[in-house]
Amino acid sequence: MLALGASACATKRPVVPPTELTAQGVERRVKLREELIEKSAPLLMRAAFGPKADHTVDVLVLSGGGDYGAFGAAVLRSWKAIEGPDAMPEFDVVTGVSTGALIAPFAYLGTMADLEACERLYRNPKPDWVRTRGILALLPDNASLAEVPGLERELRSAVDRNFAERMSAEGAKGRMLVVNATDLDQGRAQAFELASEAKRAVENDDIERLHRIMLASAGIPGVFPPREIDGTLYADGGVTSNILYGAPVRYEDSLVHRFRQAFPAAGPLRVRYWVIFNNQAVSPARTVQRTWLDVLGRSVEVAIRASTMTGLRHLYSHADAVTRRGDGSIEVRWIAIPDDWRPKVEGVFKRETMSELADIGARLGADPANWKTTAPEL
């Protein structure tokens, strides 16, 4: 009776005919491609005449990983403390997915204070960051097993108007901040350029849309609530692409080719990708129980990890192909949680686990030798 009553009272989203949805998706993708190419034009100018005399574009790629984001947050803070030739560069592009989308704005601003604040956030999870719905989660019209009131509160507190103003100011320098969410209606990845979103948020005095985008990217499907933005339902970006690196379908859209065309006398462009995988490259073996929740959770976990490794291998192949064409060079480095690490306590968003991962991240981030330069093995 409770389920039937909840179903009857639930607010349904209006059903849009598939042909209309498809047309909307095509229009949106064309617009997004044009928007990202337009936004990358100042990036090329920055590479040609900006602070780096060697025409280098540094791209930081932050993967998903839920509470394991404590690892990546600590890697960045520890890396920031290094001085000399191995010092953390000022990233020209920062991308993030899921938990990486929550870390990305802090990495984009990039001061020690910002990175320390991000690491503190991950080291000190609050009990209400994730709150299960209990028996109500099984109702037919419920969108998630849990809600995230504490995580929403922390995000709104950290990413306030002043934070958005600083993001907007960095965007004006030609730098880009891009996060990925999954458009559930279209069944595709959807990128959002957050520096531009921050500028609009400040101009309109409305930061909420910025928060919704970040929460949408981090919305673990079926576990965290999905987010509706401009009439479209979004969930975890890791479903469609757990690392966002922008390797184009068409070579003509690549940064190195466009740089060579725009500035033929400047010499070739050098692009360096720094990929932080907030997880382990190899899935730890464990016995899976015959329950729908355990089977589903394990399957999603394995699928996202496998697609991430495939994406990383593709990035290496893309780098090799672009470099061989001679218009420029691409280098890829990546770092991940050691494969032999195991959490000491069960459960997610546990302080013991997150603090230990932060310790590991801080240790690995302090030594440049821990960045891998070859593609992960099959």
Side-chain angles (χ1 to χ4, degrees), residues 60-73 75 95-104 122 130 143-146 148 151 178-184 186-192 213-227 233-247 273 275-286 288 291-316 332 334-339 341-343 346-349 353-354 357 361 372 375-378:
L60 175 65
V61 179
L62 296 160
S63 84
D67 51 344
Y68 285 16
F71 169 79
V75 166
T95 75
V97 180
S98 196
T99 198
L102 302 181
I103 301 171
Y122 275 90
V130 180
S144 63
L145 294 172
V148 289
L151 188 59
V178 189
V179 302
N180 181 52
T182 296
D183 180 338
L184 294 175
Q186 296 289 337
R188 292 176 178 268
Q190 175 67 44
F192 291 92
I213 293 172
M214 294 172 67
L215 288 167
S217 179
I220 303 171
V223 181
F224 290 0
R227 308 287 165 166
L233 199 63
Y234 292 96
D236 196 330
V239 172
T240 43
S241 183
N242 198 38
I243 53 172
L244 190 63
Y245 50 90
Y273 283 94
V275 182
I276 297 179
F277 182 33
N278 290 301
N279 215 313
Q280 295 161 295
V282 177
S283 180
R286 72 174 181 86
V288 178
T291 64
W292 70 267
L293 195 57
D294 205 26
V295 170
L296 178 62
R298 178 63 164 173
S299 299
V300 171
E301 170 204 333
V302 170
I304 291 179
R305 179 184 280 103
S307 68
T308 306
M309 290 296 99
T310 298
L312 189 51
R313 294 183 192 105
H314 174 256
L315 176 55
Y316 270 95
V332 183
W334 64 285
I335 194 168
I337 297 170
D339 289 333
W341 174 80
R342 297 293 182 271
E346 293 186 2
V348 296
F349 293 97
T353 297
M354 297 175 75
L357 283 172
K372 298 178 175 64
E377 296 179 359
L378 291 171

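Among all heavy-atom pairs drawn from P376 and R313, the shortest one is O-NE, 3.0 Å. The minimum heavy-atom distance linking A235 with L184 is given by the pair CB-CD1, 3.8 Å. Closest non-hydrogen pair, A101 versus M214, comes out as O-CE, 3.6 Å. Closest heavy-atom contact between I213 and V179: CG2-CG2, 3.8 Å. Here the closest non-hydrogen pair linking R227 and V148 is NH2-CG2, 3.5 Å. Residues T240 and A181 share a closest heavy-atom pair of OG1-O, 4.1 Å.
Here the side chain of Q280 pairs a donor or acceptor atom with the backbone of P338 at under 3.5 angstrom. A donor-acceptor pair under 3.5 Å is absent between the side-chain atoms of Y122 and the main chain of A73, judged by distance alone. A donor-acceptor pair under 3.5 Å is absent between the side-chain atoms of D183 and the main chain of Q190, judged by distance alone. One N or O on the side chain of S217 and one on the backbone of N180 form a donor-acceptor pair closer than 3.5 Å.
Here the CD1 atom belonging to I304 is positioned 7.5 Å from the OG atom belonging to S98, to the nearest 0.5 angstrom. Atoms CD1 and NZ, on I335 and K372 in that order, are 7.0 Å from each other to the nearest 0.5 Å. A distance of 7.5 Å separates CG in D236 from CG in N242, rounded to the nearest 0.5 Å. Note: H314 NE2 to S307 OG = 13.0 Å, rounded to the nearest 0.5 Å. Here the CD1-CG distance, from I243 to N278, works out to 11.5 Å after rounding to the nearest 0.5 Å. Taking OH of Y68 as the start and CZ of F349 as the end, the distance is 11.0 Å to the nearest 0.5 Å.
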#### Entry: Criterion ring-ring contact (aromatic ring centres under 6.0 Å, His included) on F71 and W341, from CA distance to verdict
CA-CA 12 Å; F71 169 79; W341 174 80; 9.3 Å; no
### Task
Take N279 and T308 through the side-chain contact (heavy atoms from CB on, under 4.5 Å) test and state the conclusion after the steps.
CA-CA 10 Å; N279 215 313; T308 306; over 6 Å; no
### Pair L312-F277, side-chain contact (heavy atoms from CB on, under 4.5 Å): steps then yes or no
CA-CA 10 Å; L312 189 51; F277 182 33; over 6 Å; no
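Ring orientation note: the planes of Y234 and F192 are nearly perpendicular, at an angle over 60° on the 30°/60° scale.
In this structure the side chain of V178 reaches within 4.5 angstrom of the side chain of L244, judged on heavy atoms. Considering only heavy atoms from C-beta on, V275 comes within 4.5 Å of L315 through its side chain.
More than 12 heavy atoms of other residues, nucleotides or ligands sit less than 6.0 Å from atom CZ of R298.
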